[in-house]
Q: 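Can you keep this structure in mind? I'll have questions shortly.
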Amino acid sequence: MTTTIQWAAFGLCAAGAAVRVPGLREGRGRTMFMALVLLTLAVGLSLDPIYLAVDAVLGGGNVANLLLRLALYAVFLLFGIRMAAAFDAARARRLIVGPFGLSIVALTVAATLYFFVSSELGGSSTGLRAFDDQDTVRQYGAVGRLYPGYVAACLVVPAALAVFDRHARPIHRFACALVACGYALVVVFVLLRLTPLPPTSWDILLPFSAILLTVLGLCLIWVSRVTARKASNSPNKLA
Amino acid sequence: MAVTAKAFQLWRSRIAPEDTVTDLCRVAGIKRSTLAQQLVRGKVSAPTIVAIARAYDLPPAEALAEFEGYAGLAAGIRMPTDAELVSQVSHIDILRLLVARSEDKECAGADLQLDLAPFPHRNSVRAWIEAIDPGDIRQQVAASTGVARQNLSAQLTAGRLAPEIAVEAARIAGVSLTSGLVVTGLLTPHEGGWPEDGRARALCAMSDLDLVFLARDRLDVLGKQIRRAELDDGKDRAMWENLG
């Protein structure tokens, strides 16, 4: 179950990136393409076979996990910028790319690097599960959830508001509902991990369901864009 | 909207006792599956009745009058009021007359060659409701039909009005009962008792002052619609350009 959902998320992210390739030459959707490629990379690195193969190339010191974390931060930053613009949410935008938001990015990256360097990580281990007994590794994981949780919390409300916009296209409202559910799951996941609850299968199910929902929503918006381009003759508003 | 399937079957056996449902559909040019589905659901739509009535050379208003909710429809046909007639002239035609008058091109008699665009036009339904409104028609229609005000507004915004609501609105306003069916396009103007040159006559009878205010009101409505449409377009574009 958990492996299936991980592979499904990996496939969907890769597909979401692939369909945007033809638009790149016309300069359309570059940021989203970048974000989806990075997300595909991050999801791929949470899968055993891919992680072990990549980490072996990088020297077997779990640098791949660091790569995963940094890619995820970039994904959330890019998603945050684009979605705040798409939902016309000025406050979310300020919270994400304003001085406060950027200092959180800097702090998160610095803390991630610090905890990574100060941990004893001999031998590849997906998700650093073999080193869970080290305090610095636990801190490293907690810091890694902080920034995604922050961006998700900023975007949940604007995405949910877009769902209730009665004038918007139904496909956009549905896509926004998926995205809002995805971000809500991220927030729930981050909050749950702050409680002493033992991380069982929900530790995988929640974040990967969130990825599936969000990317599905983005794919719907892509579909809506492609179909709208085909029917590009807008009616005469004066007639 | 819909009449009961039972009432429909009774009516059908009276107007075409020999014909099967299949014959009926063939003659009236409606899809057999459409009618079959309506019969299964127990509700036959008003457009179906009108199509069948036309096919059997019955006045559609009289055919509808046999059903519940449309009682007295044919007997209630009167001349439309001038306000109703003018409400069915498009804003383009109103502006054309305004320009013609400003250039002194309008002279008695020539007016009737205005070549008005056929109606219903884009805002026909709402314009008609406003033309017959004694002040609180929306509340009254909502109260007597049991349709929520919000639902009624949504129908008007979309340029639609369910036939039995249109008839009820006309009943409340005391105008010709078929008017609402004409402006929603269910009946042709001829079937609904609207004179052919009525709109042109009513329009030309307006004073310059009334014509200018009419044009202003119509442009006001159009401006609001365009602003709404551009706002929606902007939102769509923001969605596509940022996330597409």
Side-chain angles (χ1 to χ4, degrees), chain A residues 16 19-20 23 26-33 35-36 78-89 93 155 158-159 161-162 165-176 178-179 214-229 231-232 234-239, chain B residues 88-99 114-127 148-160 185 215-244:
Chain A
V19 294
R20 283 171 166 80
E26 297 161 45
R28 281 186 287 112
R30 282 188 182 156
T31 316
M32 272 297 135
F33 174 75
L36 284 167
L78 293 175
F79 274 7
I81 295 169
R82 287 310 187 155
M83 289 198 185
F87 301 143
D88 193 22
R93 195 187 137 75
L155 289 173
L161 286 180
D165 181 359
R166 285 193 299 119
H167 295 287
R169 293 171 181 244
I171 189 170
H172 288 178
R173 295 177 63 180
F174 187 60
C176 289
L178 293 176
V179 170
T214 308
V215 177
L216 209 57
L218 292 175
C219 287
L220 282 186
I221 291 169
W222 177 82
V223 167
S224 142
R225 176 181 189 151
V226 170
T227 47
R229 267 163 52 84
S232 61
S234 58
N236 185 341
K237 293 195 184 85
L238 293 177
Chain B
Q88 299 308 304
V89 180
S90 73
H91 65 277
I92 298 291
D93 285 332
I94 291 169
L95 293 176
R96 275 179 46 220
L97 178 64
L98 197 63
V99 171
L114 269 174
D115 267 341
L116 297 182
F119 71 106
H121 58 80
R122 182 161 62 152
N123 294 318
S124 269
V125 183
R126 189 185 285 273
R149 289 270 321 259
Q150 213 179 5
N151 187 321
L152 198 59
S153 296
Q155 288 193 34
L156 294 181
T157 304
R160 287 185 280 109
R216 180 201 63 182
D217 292 346
R218 291 297 194 85
L219 287 179
D220 200 38
V221 170
L222 183 68
K224 282 181 186 152
Q225 283 177 340
I226 293 179
R227 188 184 303 146
R228 176 84 253 167
E230 294 198 335
L231 197 67
D232 290 346
D233 281 358
K235 279 190 197 160
D236 284 346
R237 264 201 309 279
M239 207 62 107
W240 290 327
E241 280 165 15
N242 287 300
L243 305 180

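So you know, we letter chains A, B, ... as the sequences are listed, proteins then strands, and number each from 1. Excluded from the calculations below are hydrogen atoms, water molecules and symmetry mates; all remaining heavy atoms, backbone and side chain alike, are included.
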Q: For chain B, which of A:Asp165, A:Thr31, A:Val223, A:Val226 has the most heavy-atom pairs under 4.5 Å?
A: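 Winner by heavy-atom pair count: A:Asp165.
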Q: Relative to chain B, which segment of A:Phe79 carries a heavy atom at a distance below 4.5 Å: side chain, backbone, both, or neither?
A: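 Contact with chain B involves no heavy atom of A:Phe79 at all.
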Q: Test B:Asp220 against B:Arg216 for salt bridge (charged side-chain N to carboxylate O under 4.0 Å, His left out), laying out the working first.
A: CA-CA 6 Å; B:Asp220 200 38; B:Arg216 180 201 63 182; over 6 Å; no
Q: Could you state the interatomic distance from CG (B:Leu243) to OG1 (A:Thr214), rounded to the nearest 0.5 Å?
A: 11.0 Å
Q: Return the CE to CG distance between B:Met239 and A:Leu218, rounded to the nearest 0.5 Å.
A: 10.0 Å
Q: Among the options B:Arg228, B:His91, B:Glu241, pick out the one with the most heavy-atom pairs lying under 4.5 Å from chain A.
A: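 Looking at each option in turn, the highest pair count goes to B:Arg228.
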Q: Who wins among B:Gln225, B:Arg122, B:His121, B:Arg237 for the most heavy-atom pairs under 4.5 Å with chain A?
A: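 That would be B:Arg122.
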Q: Looking at A:Arg169 and B:Asp236, is there a salt bridge between them, counting it only when a charged N and a carboxylate O are closer than 4.0 Å?
A: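 A salt bridge is present here (some side-chain N lies under 4.0 Å from a carboxylate O).
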Q: Who wins among A:Ala35, A:Ser224, A:Cys219 for the most heavy-atom pairs under 4.5 Å with chain B?
A: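 Looking at each option in turn, the highest pair count goes to A:Ser224.
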Q: Does any heavy atom of chain B fall under 4.5 Å from the side chain of A:Leu238, the backbone, both, or neither of them?
A: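 The answer is both parts of A:Leu238.
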Q: Given the options A:Ala168, A:Ala86, A:Gly23, which has more heavy-atom pairs under 4.5 Å with chain B than any of the others?
A: A:Ala86
Q: Passes side-chain contact (heavy atoms from CB on, under 4.5 Å), A:Arg28 versus A:Phe33? Steps please.
A: CA-CA 9 Å; A:Arg28 281 186 287 112; A:Phe33 174 75; over 6 Å; no
Q: Given a strict heavy-atom distance threshold of 4.5 Å, which part of A:Ala85 is in contact with chain B: side chain, backbone, both, or neither?
A: both
